[in-house]
Number of protein chains: 2
Amino acid sequence: MRSIAEDLTTRARIRDAAIGLFGRDGFARATVRAVASAAGVSPGLVIHHFGSKAGLRDACDQHVLWQTATQGREKTDPGSTRQLIQDYLNHPDQYADEITYIRRALSDESEAGDAFFDAVVKQTQDIILAGMEAGTIRKFDDVPSTAVVIASNSLSILMLGRHLSRTLGTVGPEPHGIGPELLRQLTLPALEIYTHGFYTDARFLDAASEAINHNTNSGREHAP
Amino acid sequence: MRSIAEDLTTRARIRDAAIGLFGRDGFARATVRAVASAAGVSPGLVIHHFGSKAGLRDACDQHVLWQTATQGREKTDPGSTRQLIQDYLNHPDQYADEITYIRRALSDESEAGDAFFDAVVKQTQDIILAGMEAGTIRKFDDVPSTAVVIASNSLSILMLGRHLSRTLGTVGPEPHGIGPELLRQLTLPALEIYTHGFYTDARFLDAASEAINHNTNSGREHAP
DNA sequence: TCACACATTAAACACTTGTTCAATCCGGGA
DNA sequence: TCCCGGATTGAACAAGTGTTTAATGTGTGA
């Protein structure tokens with residue numbers, strides 16, 4: 001957890017302002033002048049400290065993505081990704097900029113975003129393997145693909161958070177963004193599916209399994 | 001299904017070129033000159049036909065998003081969204097531009113993207129209600145939230161497709177992008193979870209249910 | 001006190017952007 | 001045939017972009 005940070009070095013102030021603007025407006029729309037203005041400095045100083053706008057982006061990637069990606073990997077205890085996301089989403093005011101920045105990095109083509117996604121998938125796979133051994137998670141044939149599915153489902157809350165809070169119409173203090181209210185509303189339905197399943201029987205699964213493993217490549221009975 | 005389209009009107013050629021460039025590079029990065037060059041016309045003609053770059057974007061939204069969103073709503077038969085996505089993802093060469101455009105519209109703040117997401121959620125909700133009545137889908141207390149969760153999970157394949165194909169390393173003819181190979185690899189794990197669940201028992205569900213319905217707002221036992 | 005290195009700025013530069021405008025091209029009615 | 005309206009273009013414009021540069025402040029060690 002980072003400190004409230006008032007006496008930051010100028011370089012750090014510029015970086016934090018850039019994280020906020022890059023996440024909110026995207027790398028192309030956010031201008032160097034806007035970053036400088038948000039940090040209370042001149043545009044030239046931004047270039048002086050980071051070499052170029054791309055260098056500034058690299059510094060932001062380093063600060064937000066690589067740090068969290070590797071910090072997650074240090075904790076060998078499975079479930080650290082879960083707690084990382086929990087930490088993020090339970091303190092929306094503190095981490096809002098980081099959340100939106102990660103979303104942008106996962107959307108745009110970004111090497112750091114790729115590393116972050118890979119880290120999340122790896123953590124998920126470790127969780128699944130440990131859970132399968134402990135007996136809390138069902139045994140899956142294709143663990144890597146299952147981990148990708150689970151990670152993708154988890155990250156979808158982050159990617160589509162704006163739409164989720166919009167359609168569900170959370171009545172919390174913050175109308176937009178991903179917050180605790182939204183999570184509380186989605187946790188039970190998600191766990192319901194993860195616990196008892198979505199379908200009542202294996203009809204769709206058997207049909208898809210037979211369609212895929214045997215003949216044509218047109219998997220017509222795909223899940224919604 | 002659209003025709004192969006060689007004898008298109010110039011306006012349509014510009015629009016299609018813009019759909020491709022807006023989807024691939026984003027609205028801000030894609031320039032009017034690049035669109036004009038891709039369509040084989042001059043930059044001035046783009047403005048002449050669409051008034052402005054924003055007008056061009058509106059025309060693209062109209063063509064890709066509103067059309068599919070409303071076209072989905074016309075078919076009362078539940079499952080049309082599924083078939084729409086299936087149609088899209090089974091003809092990647094034909095619909096690749098539309099797919100990336102929809103992804104961009106869902107990421108960026110776009111009124112048309114909002115409408116598309118709402119349409120998908122509504123379709124999903126109709127599917128769930130029909131399935132609950134037919135007995136093929138389990139009965140859920142909070143159907144709207146469940147529909148949002150299912151729709152979000154489905155769209156995550158679209159949002160994170162680049163990462164999915166990258167980490168799973170599909171060996172198909174197209175190394176990148178969302179294609180039939182990727183879908184085939186993800187269908188069975190997803191249906192496995194949707195059929196038999198992810199956890200072995202209701203431990204996490206009960207814990208989360210008690211934590212949310214009773215006391216503190218810190219849902220510590222959240223799914224991954 | 002004095003340099004010296006660094007932080008910082010205002011102004012300018014080169015370039016790209018979206019858009020405008022006058023000038024052409026061209027096909028189809030009178 | 002002539003003419004006219006729309007399609008189309010090349011050149012230009014004004015604004016905004018990232019970056020450079022010379023100058024100025026500013027604190028620190030000798």
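Numbered from 1 within each chain, the chains take letters A, B, ... in sequence-line order.
The separation between B:L45 atom CG and D:dA7 atom P is 9 Å, rounded to whole Å. If you take CD1 of B:I47 and C1' of D:dA7, they are 15 Å apart, rounded to a whole angstrom. Going from atom CZ of A:R33 over to atom C1' of C:dC15 covers 12 Å, rounded to whole Å. When rounded to the nearest whole Å, the span between CD1 of A:I14 and C1' of D:dG18 equals 15 Å. For B:K53 and C:dT17, the NZ to P distance is 9 Å, given to the nearest whole Å.
Considering all non-hydrogen atoms of both residues, B:L106 and A:H163 come closest at O-NE2, 3.0 Å. B:L65 and B:A112 make their closest contact through CD1-CB, 3.5 Å (heavy atoms, listed as atom of the first residue, atom of the second, distance). In terms of heavy-atom proximity, B:A59 sits nearest to B:R15 at O-CD, 4.0 Å.
As judged by a 4.0 angstrom heavy-atom cut-off over every strand, B:H49 is placed among residues touching the sugar-phosphate backbone only. Among the atoms of the strands shown, only primed sugar atoms or phosphate atoms (P, OP1, OP2) are found under 4.0 Å from some heavy atom of A:T31.
For the side-chain contact (heavy atoms from CB on, under 4.5 Å) criterion with B:D97, the lone passing option out of B:I19, B:I102, B:V64 is B:I19.
Applying the 4.0 Å criterion to OP1 and OP2 of C:dG18, one finds that B:S52 has every side-chain N and O outside that range. Residue A:T10 places at least one side-chain N or O closer than 4.0 Å to OP1 or OP2 of C:dT8. Under 4.0 angstrom from either OP1 or OP2 of C:dA7 there lies at least one side-chain N or O belonging to A:H48.
A salt bridge links B:R104 to A:D108: one of the charged nitrogens lies within less than 4.0 Å of a carboxylate oxygen.
The stretch residues 17-30 of chain A touches DNA chain D through A:A30, each having a heavy atom under 4.0 angstrom from the strand.
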**Asked** Please walk me through it: do A:S152 and B:S156 pass side chain to side chain donor-acceptor pair (under 3.5 Å)?
**Response** CA-CA 6 Å; A:S152 177; B:S156 72; 2.8 Å; yes

